[in-house]
Student: 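My structure is below; once you've seen it, I'll send some questions.
Counting starts at 1 for both ligands and their atoms, following the listed order.
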Amino acid sequence: MPRLVMKFGGTSVADIERIRNVALHVKRELDAGYHIAVVVSAMAGKTNELVAWCKQANPRFDPAEYDAVVSSGEQVTSGLLALTLQSMGIPARSWQGWQIPIKTTDAHAAARIDDIDAAAILRGFEENGSVAVVAGFQGIHEDSGRITTLGRGGSDTSAVAMAAALEAERCDIYTDVDGVYTTDPRIVPKARRLDRISYEEMLEMASLGAKVLQVRSVELAMIRKVPTYVRSSFDDPADPKLGTLICGEEEIMEHQTVTGIAYSKDESQITLRNVADRPGIAAAIFVPLAEANINVDMIIQVVSDASTTTDITFTVPESEYERTLAILEKNKDAIDFSEVQGETEVVKVSVIGVGMRSHAGVAARAFKALSEKHINIRAITTSEIKFSVLIDAPYAELAVRTLHSLYNLDQV
Ligand code: ASP
Ligand code: MG
């Protein structure tokens with residue numbers, strides 16, 4: 001029998017009534033002839049509450065104990081869904097990460113999955129068609145025997161990893177939106193739901209600010225070639241829609257030049273003035289930041305002229321702004337700059353599409369359209385299938401809307 005992984009997020013399992021609705025979605029797929037593993041998140045808001053409790057108990061909490069606490073939300077929902085399915089006469093078993101086991105690294109609160117032993121779940125399929133209800137977000141570090149978690153939003157990654165391990169036909173991610181949109185529909189009401197998007201484009205969208213899926217889950221789907229749907233859990237279980245398929249580029253017949261527009265508010269810009277212009281300076285700036293695990297994104301260096309100094313501008317997440325300034329101050333002598341300037345009221349708007357590989361002038365059109373709206377561009381980066389501009393925060397929505405219609409993404 002073909003296998004299917006179905007994942008339900010926090011709002012989809014927020015109370016018993018919704019869990020019953022989830023069970024009806026599961027029943028439909030069982031009746032269609034699948035062996036099924038369901039991956040569940042904690043009830044909406046639960047993980048936040050658990051995180052807050054950890055902080056209250058001990059602001060300098062031990063990450064291993066944090067994982068023991070925050071993984072409990074998924075234990076509850078997996079048991080409740082198994083109970084609900086059983087009440088409908090459907091054989092079902094809950095599975096915690098350690099019971100399967102889902103083996104991970106020991107990076108508590110941000111662990112990566114190393115390996116999943118699917119044998120016990122497969123045995124359940126063979127014996128009585130039992131539905132495996134898997135607690136998302138969690139695993140075990142084998143050597144220490146401790147529970148781990150995969151980082152916020154990690155149930156998406158649990159689901160894709162489970163689909164790969166079970167060699168499932170596909171992975172359906174049920175959530176509170178009915179698919180992936182060309183941009184955030186809250187900003188652009190004319191945003192369109194995409195029928196298909198390639199793994200690469202989705203990876204960019206998720207990394208650049210679209211919050212539908214955890215980035216790591218898209219990475220994994222791409223590497224393991226897991227066809228993944230993003231679809232709504234609020235559809236009538238008897239008459240559901242398929243949502244958006246994330247798949248290989250070759251499975252998408254017609255490509256627009258641009259597929260979507262993403263934006264991120266968690267950005268800040270830092271400029272170092274009069275930096276010495278000699279070999280080793282970029283390393284003096286960026287190696288200490290890398291060692292502190294600070295993700296530097298855009299980097300611009302003013303072209304050197306006859307003088308002996310230059311200016312370097314770069315961006316880091318706004319959440320890392322203060323830490324970055326502190327590290328630069330500490331290394332001031334080695335870097336040899338005169339002044340540091342910063343700005344946190346900036347956003348990054350990104351335009352994504354595999355069609356850019358074969359079309360020239362895509363970014364140039366954006367620069368012109370933005371200038372016509374008097375939007376100043378602070379920094380630009382480009383890569384094969386995307387480009388990003390950094391602009392002042394108050395212009396974010398105008399910029400997204402402008403670019404959305406420029407590339408004909410508006411719904412007609
Ligand atoms: N419950 C976890 C979180 O809120 C994992 C998930 O929902 O994906 O981050
Ligand atoms: Mg999520």
Student: Less than 6.0 angstrom from the centroid, inside 45 degrees of the normal: does K348 satisfy that with respect to the ring of Y263?
Tutor: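 So K348 doesn't make the cation-pi contact.
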Student: Below 4.0 angstrom from a heavy atom of S41, which ligand 1 atoms are there? Numbered from 1 as shown, please.
Tutor: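 This gives 6 (C), 7 (O), 8 (O) as the contact atoms.
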Student: Between L245 and D195, is there a side-chain heavy-atom distance shorter than 4.5 Å?
Tutor: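 D195 vs L245: side chains apart.
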Student: Between T148 and H108, is a side-chain contact (heavy atoms from CB on, under 4.5 Å) present by the stated rule, with each step listed?
Tutor: CA-CA 5 Å; T148 54; H108 283 284; 3.7 Å; yes
Student: Does even one non-hydrogen atom of G136 get within less than 4.0 Å of ligand 1?
Tutor: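 Under 4.0 Å: no for G136.
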Student: Given S350, which partner from the list S383, S264, S388, S207 fulfils the side-chain hydrogen bond (donor to acceptor under 3.5 Å, both in side chains) test?
Tutor: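 When side-chain hydrogen bond (donor to acceptor under 3.5 Å, both in side chains) is applied between S350 and each of S383, S264, S388, S207, only S388 qualifies.
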Student: Return the residue, atom name and 0.1 Å-rounded distance of the protein heavy atom closest to atom 6 (C) of ligand 1.
Tutor: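 Here the closest protein heavy atom is S155 OG, 3.3 Å.
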Student: State the CZ-CZ distance between R18 and F8, to the nearest 0.5 angstrom.
Tutor: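 One finds 13.0 Å between CZ of R18 and CZ of F8.
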Student: Any N or O on G153 sitting closer than 3.5 Å to an N or O of ligand 1?
Tutor: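 In this structure, G153 places an N or O atom under 3.5 Å from an N or O of ligand 1.
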Student: Does an N or O from E74, backbone or side chain, lie closer than 3.5 Å to an N or O of ligand 1?
Tutor: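 Among all N and O atoms of E74, at least one is under 3.5 Å from an N or O of ligand 1.
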Student: Are any of the N/O atoms on D156, whether in the backbone or the side chain, positioned under 3.5 angstrom from an N/O atom of ligand 1?
Tutor: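 No, since none of the N or O atoms of D156 sits under 3.5 Å from an N or O of ligand 1.
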Student: Tell me every residue that passes salt bridge (Lys or Arg N to Asp or Glu O under 4.0 Å) with E200, counting only those two or more places apart in sequence or in another chain.
Tutor: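 Partners of E200 by the salt bridge (Lys or Arg N to Asp or Glu O under 4.0 Å) criterion, ordered by chain and then number, come out as R357.
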Student: Could you tell me which atoms of ligand 1, counted from 1 in the order shown, lie closer than 4.0 angstrom to a heavy atom of R152?
Tutor: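 Heavy-atom distances to R152 below 4.0 Å select 3 (C), 4 (O), 9 (O).
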